[in-house]
Amino acid sequence: MIVMKFGGSSVADRPQIEKVRSIVALEQAKGHRPLVVCSAHKGITDALVNAAKEAAGGRLDAEAVIAKQERVRQELGVAEAVLAPLYQELRDLLRGLSLVRELSPRSLDYVSSFGERFSVRVIAAFFAQLGTPSQAFDVWDLGFVTDANFGNARPLAGYEANVREAVAKLDPEVMPIVTGFIGKTASGEVTTVGRNGSDLTATLLGSALEVSEVQIWSDTDGVMTADPRIVGQARNIPEMRFDEASELAYFGSRMLHPATLLPAMSANIPVRVLNTNRADHPGTVITRQAINANRVTSIAYKEKQFVLTVSSTRMFGEAGFLERVFETCRQCGVVVDLVTTSEVSISLTGNAEGPIRAAATKLAELGEVSVDEGRSIVAVVGQHLASRRGIGAEIFGALARVAVNVEMISFAKGSINLSFVLSDADVGKAIGALHEVLFEGPAS
Ligand code: ASP
Ligand code: MG
């Protein structure tokens with residue numbers, strides 16, 4: 001069995017969904033048995049979230065998002081009865097929110113879940129009409145029961161056996177089309193694994209089912225050496241390791257949800273990232289052992305970060321100073337990305353302003369505190385960073401030549417990720433210069 005996940009742009013409308021059908025048919029022709037995981041059609045989840053917020057503000061409008069979904073249903077020629085009960089459920093739910101004027105993480109998940117519930121139903125019905133026997137499933141009907149951590153739910157320990165048992169009972173001749181992104185608690189409350197989380201659903205199902213491969217289909221030619229919107233010369237990376245891809249996902253490469261690779265990594269299942277619009281492109285395969293001959297693998301970035309710095313002579317020679325800094329960060333809910341320390345100062349980055357400012361206020365009792373905003377983290381990722389001489393010199397030399405000032409640098413022993421902080425205004429220039437020296441030179 002293989003898992004094939006199609007993102008929102010891959011199932012945006014009828015022409016895209018027809019491409020999906022040919023892609024799936026090709027795998028079937030090779031003798032593979034696909035379990036298909038789908039996102040909502042492009043834009044539907046955003047529209048649902050918006051409708052939920054508006055309803056909670058007293059402005060009830062269920063019809064805009066329903067009309068959006070209706071366009072796709074009609075284009076596909078699927079009967080209205082397939083979605084009518086869900087439309088009614090959504091209308092009732094939004095009306096309820098508009099009455100109580102309240103939007104909890106729990107009700108936001110419930111509203112958000114409709115996009116995937118709609119899409120799998122119309123896609124399965126469409127495939128069946130065209131002669132590919134298919135059946136839609138809400139993932140909870142295949143044993144995917146989660147905790148109650150709304151907005152970031154994870155399956156309960158031991159879910160794998162339930163998924164295997166449920167899938168074993170399916171008719172092998174009928175292709176399952178399964179909702180990404182959503183889940184349900186044991187007591188029946190709808191959850192989500194987080195925005196853009198259908199990738200994660202795919203690897204979680206894939207590892208439970210011990211499939212031979214998880215395919216993630218979206219709209220770029222696999223993982224690229226840099227963001228193609230910034231670097232025209234960006235190119236595909238044919239193979240990379242799980243740890244490299246995880247660092248890239250976390251540090252801003254928009255290819256994959258950051259948690260996606262963990263389940264595949266522990267089950268050692270290859271993840272292939274492919275392009276629905278160019279199905280014959282080999283994309284990127286992510287495995288445990290991939291060898292990348294390039295000096296580095298890829299460059300990613302995260303904008304709009306905050307840098308918190310504490311300087312204190314009390315730090316000098318004192319035990320437990322860092323503990324106090326991190327304990328304060330924990331109390332204030334700062335998720336720390338990069339950290340650098342010297343004898344008298346510590347700088348760390350986070351991306352949420354509220355928690356950083358709260359921590360800064362508390363930390364003022366330890367020393368001088370500053371918060372810099374409008375900063376970007378640039379991450380250069382590659383498996384040879386720790387062992388090959390001169391890569392650092394090339395990186396910082398390139399930045400110096402385009403007059404970019406580097407404010408903070410982090411590289412752990414043996415690391416595959418050299419990250420640094422610079423001003424948001426410099427990020428385009430910096431990435432362009434780095435890509436040129438690391439990927440476009442003669443010895444790359
Ligand atoms: N439809 C969800 C979202 O837009 C999940 C996904 O696309 O992966 O966040
Ligand atoms: Mg999406």
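Ligands are counted one by one from 1 in listed order, and the atoms in each one are counted from 1 as well. Owing to the predicted nature of the structure, the values given are computational and were not obtained by experimental measurement.
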*asked:* If the contact criterion is a heavy-atom separation under 4.0 Å, does Glu116 count as touching ligand 1?
replied: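 Checking ligand 1 against Glu116, which is what was asked, there is a heavy-atom contact under 4.0 Å.
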*Is the closest heavy atom of Gly197 to ligand 1 under 4.0 Å?*
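Gly197 counts as a contact of ligand 1 under the 4.0 Å cut-off.
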_Tell me which pairs pass ring-ring contact (aromatic ring centres under 6.0 Å, His included) where either residue lies in residues 261-288, with sequence neighbours left out._
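Listed by first then second residue: nothing to list.
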Distance filter under 4.0 Å to [X] heavy atoms, resulting ligand 1 atoms:
| X | value |
| --- | --- |
| Arg195 | 3 (C), 4 (O), 9 (O) |
| Ser39 | 6 (C), 7 (O), 8 (O) |
| Thr45 | 1 (N), 2 (C), 3 (C), 4 (O) |

Please output the side-chain donor-acceptor pairs of residues 131-141 that fall under 3.5 Å, not counting sequence neighbours, one pair per line with the distance.
residue, atom, partner, partner atom, Å
Thr132, OG1, Arg21, NE, 2.9
Thr132, OG1, Arg21, NH2, 3.2
Ser134, OG, Thr132, O, 2.8
Asp138, OD1, Arg121, NH1, 3.0
Asp138, OD2, Arg121, NH2, 2.8

_Pair Glu18 + Arg14, salt bridge at N-O below 4.0 Å_ =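 Salt bridge between Glu18 and Arg14, a charged N being under 4.0 Å from a carboxylate O: yes.
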_Test: Asp424 and Lys304 ion pair at under 4.0 Å_ =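 Looking at Lys304 together with Asp424, the answer is no, because their closest N to O distance does not fall below 4.0 Å.
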*Test salt bridge (charged side-chain N to carboxylate O under 4.0 Å, His left out) applied to Glu373 and Arg357, step by step*: CA-CA 11 Å; Glu373 54 184 52; Arg357 299 255 179 229; 2.7 Å; yes
